[in-house]
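Atoms within each ligand, like the ligands themselves, are counted from 1 in listed order. What you see is a predicted model; the values in this text were computed from it and never measured. Start at 1 with the first residue, then count along the sequence.
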Amino acid sequence: MVTRALDVVLLGPPGAGKGTQAKRLAAAYELLHLSTGDLLREEVVRGSELGREAEGYMKRGELVPDALVGKMLLARLHSQQAAAGCAFDGYPRNLEQAGLLDGLLAELNRRVDIALYLNVPDEALLERLTGRRSCPSCGAVYHVVTHPPHVEGVCDTCGGALVQRADDREEVIRERLRVYHQQTAPLLEHYQARGALREVVGTGTQDEVFERLREAMRSTKR
Ligand SMILES: [Zn+2]
């Protein structure tokens with residue numbers, strides 16, 4: 001019996017833990033974890049033609065065009081590791097990218113089977129993200145509530161002084177969330193319209209969230 005590939009998209013706001021959950025889902029369902037951020041970095045490191053092209057944009061501080069990311073995704077989708085399906089993490093971010101992904105998958109007679117939407121209230125995200133402190137010396141990341149250092153403001157690993165990155169300030173996060181909601185609403189409708197959307201409560205521990213994701217996967221016919 002031939003099993004069809006299973007393609008899963010993970011949607012959710014910054015700070016919802018998409019990356020962690022996508023990795024766990026990929027491991028549990030033998031899918032390829034596909035993060036476009038990782039994909040870009042890998043191609044740049046490998047020095048592939050597409051990677052060199054992407055590097056040009058990144059060096060200029062510009063966004064890598066969707067068409068170029070699409071070419072990278074296409075190559076990866078055709079690889080053996082992607083044959084059983086993919087867990088897409090951080091992609092698509094907007095309706096245009098969703099259309100592009102639909103087109104790429106259609107070439108393989110596949111489609112997005114499930115769009116898992118990790119729903120986390122903005123206030124919970126703000127608490128998570130504004131509590132982050134990082135160590136500029138060694139890169140360690142802490143959280144004032146969930147993962148505090150032994151001594152307040154001091155890195156456990158290297159003794160460096162911890163700082164709040166500019167990205168983690170409240171006004172910056174509120175703006176990111178605003179943009180996120182604006183781009184995501186049509187994306188949710190897109191997957192809802194074809195019955196692929198599953199909303200999952202994204203608060204609680206990583207294990208709790210993962211269990212809910214598994215439930216949502218079980219309730220979906222392949
Ligand atoms: Zn440190």
S.K.: Please report the shortest heavy-atom distance between Arg212 and Val201, naming the atom on each side.
M.R.: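 Scanning both residues completely, I find the closest heavy atoms to be NH1-O, 2.6 Å.
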
S.K.: Establish, yes or no, whether the cationic atom of Arg60 lies under 6.0 Å from the six-membered ring centre of Tyr57 and within 45° of the ring axis.
M.R.: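 Yes, Arg60 lies over the aromatic ring of Tyr57.
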
S.K.: Got a salt bridge between Asp102 and Arg194, using NZ or NE/NH1/NH2 to carboxylate O under 4.0 Å?
M.R.: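 Yes.
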
S.K.: Under the side-chain contact (heavy atoms from CB on, under 4.5 Å) rule, collect the residues that match up with His143, sequence neighbours excluded.
M.R.: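 In terms of side-chain contact (heavy atoms from CB on, under 4.5 Å), with neighbours along the sequence ignored, His143 is linked to Arg132, Val145, Thr146, His147.
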
S.K.: If I only include protein atoms of type N, O or S, how many are less than 2.8 Å from the Zn ion (ligand 1)?
M.R.: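 Under the 2.8 Å cut-off, the count stands at 4.
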
S.K.: In sequence, state the C-alpha distance, the side-chain angles, and the governing distance for His33 and Asp38, and then conclude on side chain to side chain donor-acceptor pair (under 3.5 Å).
M.R.: CA-CA 10 Å; His33 174 225; Asp38 290 350; 4.7 Å; no

S.K.: Determine the minimum heavy-atom distance between Arg110 and Ala83, stating which atoms define it.
M.R.: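 Smallest interatomic distance, heavy atoms only, reads NH1-O, 3.9 Å.
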
